[in-house]
Amino acid sequence: MRDEIIQNVCVTNQNFSYNLNNELKRIITLQYELTNDWDLTKLSTGIGSFNSYEKSLVVLHVRDKISAIKTSSQLIDGIKVIIPSIDKTIGTNTIGEITPDCFNLINTYKDMDNKQIIYYNNQLLLISEYPQIYYKRGLQPNFLIFATISTFNINKFLDNMSIHEESNGFICSNSRDMLMGSNGDNEIHYRIKQLIDDNQGKKINLNTRYVKDTYMLTEKIKGKKYLIVYSDTGVEDIKLVRYIPDNVAFGDLNIYSIIMWIFAMVSIFLIIIFSKSLYNTIHEPLKKLVDAFDKIEHIESVVTIEHHRKDEFKYIYDSFNKMSCKLHNLIEQVYKQKILVQKSELKQLQAQINPHFLYNSFIMLKNRIEAEDIEFASEFCSELGSFFMFITRNKKDIVPLKNEVEHAVTYSKIQHARFSNRLTIKLDELPKVFENLLVPKIILQPILENAFEHTLENMEDGGILEMIYEKNDNYLDIIISDNGEIEDDKIIQMENNLNRTDIEVTGMINIHKRLKLIYSEKYGLVLSRSKYGGLKVTIRIPIDGSEVETNV
């Protein structure tokens with residue numbers, strides 16, 4: 001309803017703007033037609049010779065024509081023709097010599113920016129001169145015709161467009177510093193004009209082709225709120241403005257607004273009561289259930305929920321308590337003993353990158369580049385890239401044995417590049433039948449790394465590292481042997497440490513536990529003395545790996 005009222009006010013204001021536009025343009029057109037009058041031309045240019053009687057007849061003839069223009073419009077207060085060559089002013093009421101005020105208008109008119117419509121001595125003047133080109137050349141025209149539109153006539157026009165008794169209006173122009181209005185408060189008028197000059201207001205689309213634009217805004221002036229509507233008349237930058245007190249324009253809408261606010265507050269109060277009731281009945285029991293699930297998620301002790309009301313949640317809570325007890329027992333047997341250990345140790349092992357290995361690899365690469373051994377450096381970079389790509393890019397915990405062996409071979413090649421003059425590496429080719437056998441990720445490289453770090457790295461020459469495959473009935477042995485110096489007691493101690501839980505978990509112990517968790521107790525690592533006199537590590541895995549995915 002508020003928008004509809006604003007729309008109606010804007011349409012009314014725009015219609016009157018259209019009428020004002022037509023009236024002003026009609027007056028200007030009549031003036032322009034009068035500039036072509038032959039009698040006026042003869043008077044102003046002195047064409048022909050007149051005696052006093054003939055001259056008087058011509059003057060009266062011109063006065064009759066401008067009187068006809070005046071009577072054709074309610075806006076015109078008077079029309080004058082100023083003819084400097086004969087020092088005459090012909091008006092609708094008087095004929096006489098040019099007054100000082102008219103001389104002042106002639107002299108200042110040539111310097112004005114807006115010559116056709118000017119605001120002069122609190123009056124709106126519509127002016128036509130002949131010929132127009134004279135002022136551009138710095139010459140005085142033969143005559144000037146100006147129609148005077150007084151504030152009184154503008155007020156009569158504005159009174160006709162009043163929608164309410166308390167509404168007022170005015171016309172204004174920024175370029176002319178003009179404000180002509182009805183009997184309203186001048187302070188309010190000037191404040192509204194300032195807002196208009198600052199381009200305040202929201203444009204209202206009314207789809208009218210005659211009047212350019214109509215705008216609306218509300219402003220509090222002198223403690224009172226007003227609805228302000230103004231339209232571009234289409235004549236220069238003259239705007240027609242109408243303002244109405246907000247309470248007058250919208251009347252009982254403010255009362256409806258209060259009623260709606262009361263209704264809204266009552267509704268909010270009822271919603272709060274209903275929400276509180278709903279919260280106590282449904283949300284709070286559900287929250288209690290969610291909190292209980294959260295405790296179970298964080299592997300706390302047995303979680304139970306007490307509920308004394310006999311409703312639907314009583315049945316749910318009882319079922320939850322039973323489930324919680326069973327789940328707790330299952331966690332004790334499986335999760336804490338196997339899954340937690342497996343996940344934490346696996347992530348820890350995958351995150352290990354030996355800084356010493358990385359440092360030595362880049363030092364060697366630097367030396368070979370400085371020696372301009374480009375072929376070796378290129379191949380070494382490729383091997384090093386493959387090594388780290390396998391560690392960082394493959395997020396799966398279970399991989400085909402072929403990929404695991406390729407990673408181990410890559411690592412061996414990198415190490416052999418460092419110790420090529422004092423180390424022999426023998427790596428058997430993996431039988432094709434075992435290439436797709438699924439195994440835990442990174443179980444070979446840590447065994448090889450252990451051999452390099454603790455035995456082979458300290459040997460000056462003659463080092464041997466071997467990796468072979470032996471197939472048995474139900475399992476495959478991957479055997480890694482070296483010829484490093486190690487005592488029997490050390491081998492026995494390492495063998496015993498594989499199954500202990502009270503010591504720090506190293507890479508070899510980690511691999512042994514993972515194999516047992518994924519397969520069964522009969523698989524894992526076996527340590528013994530190698531045929532070369534060093535340490536022999538046997539990695540035993542089942543040939544049938546169908547249960548690997550399920551166990552993981």
Side-chain angles (χ1 to χ4, degrees), residues 338-354 357-358 361 381-416 425-453 465-472 474-481 498 505-526 537-552:
K338 294 183 179 181
I339 300 177
L340 182 60
V341 174
Q342 176 192 2
K343 290 294 183 182
S344 62
E345 292 179 338
L346 179 59
K347 296 305 178 184
Q348 179 183 0
L349 180 66
Q350 290 180 343
Q352 290 177 352
I353 298 177
N354 193 321
F357 163 76
L358 183 62
S361 298
C381 285
S382 178
E383 299 292 347
L384 199 60
S386 298
F387 174 82
F388 286 109
M389 184 183 297
F390 182 82
I391 293 177
T392 58
R393 292 187 62 180
N394 194 340
K395 298 181 179 180
K396 295 182 179 179
D397 295 340
I398 302 299
V399 296
L401 181 58
K402 176 184 176 182
N403 295 355
E404 181 65 22
V405 171
E406 289 176 352
H407 175 65
V409 171
T410 300
Y411 175 79
S412 300
K413 288 181 180 180
I414 295 172
Q415 293 288 38
H416 184 261
I425 298 179
K426 303 176 182 179
L427 303 176
D428 278 5
E429 185 176 352
L430 175 66
K432 291 187 177 296
V433 68
F434 302 125
E435 286 184 351
N436 295 321
L437 188 63
L438 296 178
V439 298
K441 183 181 177 183
I442 311 180
I443 58 173
L444 299 180
Q445 181 252 321
I447 306 299
L448 296 173
E449 184 178 356
N450 186 72
F452 280 109
E453 288 186 0
L465 179 64
E466 181 185 65
M467 184 170 70
I468 63 175
Y469 307 93
E470 291 185 0
K471 178 185 177 299
N472 293 283
N474 299 318
Y475 58 87
L476 173 67
D477 284 344
I478 305 173
I479 302 171
I480 300 175
S481 304
L498 290 177
V505 178
T506 61
M508 194 173 294
I509 297 174
N510 186 293
I511 295 171
H512 180 69
K513 287 187 176 182
R514 287 163 56 207
L515 292 173
K516 285 184 173 296
L517 290 172
I518 291 177
Y519 302 119
S520 67
E521 291 294 328
K522 61 182 179 180
Y523 300 103
L525 301 184
V526 179
V537 180
T538 300
I539 304 172
R540 183 161 294 169
I541 58 176
I543 294 176
D544 182 12
S546 60
E547 63 181 24
V548 173
E549 297 268 357
T550 304
N551 290 341
V552 171

Quiz prompt | Side chain proximity check, His416 to Lys413, heavy atoms < 4.5 angstrom | solution = no
Self-check item: Full working for side-chain contact (heavy atoms from CB on, under 4.5 Å) between Tyr469 and Val405
Solution: CA-CA 11 Å; Tyr469 307 93; Val405 171; 3.3 Å; yes
Self-check item: Heavy-atom side-chain proximity of Ile398 to Ile518 below 4.5 angstrom
Solution: yes
Exercise. State, to 0.1 Å, how close Leu465 and Ala451 come at their nearest heavy-atom pair, and which atoms those are.
Key: CD1-CB, 4.1 Å
Quiz item: Looking at Ile480, Thr538, Ile478, which hits side chain to side chain contact (heavy atoms under 4.5 Å, CB included) with Ile447?
Solution: Ile480
Quiz item: Quick check: does any side chain N or O of Arg514 sit under 3.5 Å from a backbone N or O of Lys441, one acting as donor and the other as acceptor?
Solution: yes
Quiz item: Is the side chain of Lys516 donor-acceptor paired with the backbone N or O of Glu521 at a distance under 3.5 Å, no angle test?
Solution: yes
Quiz item: Quick one: are Tyr519 and Pro440 in side-chain contact, heavy atoms under 4.5 Å?
Solution: yes
Exercise. Could you go through the side-chain contact (heavy atoms from CB on, under 4.5 Å) check for Leu525 and Met508 one step at a time?
Key: CA-CA 8 Å; Leu525 301 184; Met508 194 173 294; 3.4 Å; yes
Exercise. Would you name the heavy atoms of Ile468 and Asp428 that are closest together and state the gap between them?
Key: CG2-OD2, 3.1 Å
Quiz item: How many angstroms lie between atom CD of Gln415 and atom OG1 of Thr410, to the nearest 0.5 angstrom?
Solution: 12.0 Å
Practice problem: Of all the heavy-atom pairs spanning Ser412 and Ile425, show the shortest one and how long it is. | Solution: O-CD1, 3.6 Å
Quiz prompt | Straight-line distance of Leu515 CG to Ile443 CD1, nearest 0.5 Å | solution = 5.5 Å
Quiz item: Between atom CG of Leu444 and atom OH of Tyr411, what is the distance when rounded to the nearest 0.5 Å?
Solution: 12.5 Å
Quiz item: Quick one: CD1 on Ile539 to NE2 on His512, what's the gap to the nearest 0.5 Å?
Solution: 12.0 Å
Quiz item: Hey, are the side chains of Ile479 and Glu470 touching, using non-hydrogen atoms and a 4.5 Å cut-off?
Solution: yes
Practice problem: Rounded to the nearest 0.5 Å, what's the gap from CD on Glu406 to CG on Leu401? Could you check? | Solution: 10.0 Å
Quiz item: Quick one: NZ on Lys522 to OH on Tyr475, what's the gap to the nearest 0.5 Å?
Solution: 9.5 Å
Quiz prompt | Flag, side chain of Glu404 to backbone of Ile442, donor-acceptor distance under 3.5 Å | solution = yes
Practice problem: May I ask you to check whether over 12 heavy atoms, not counting those of Asn436, lie within 6.0 Å of atom CG? | Solution: no
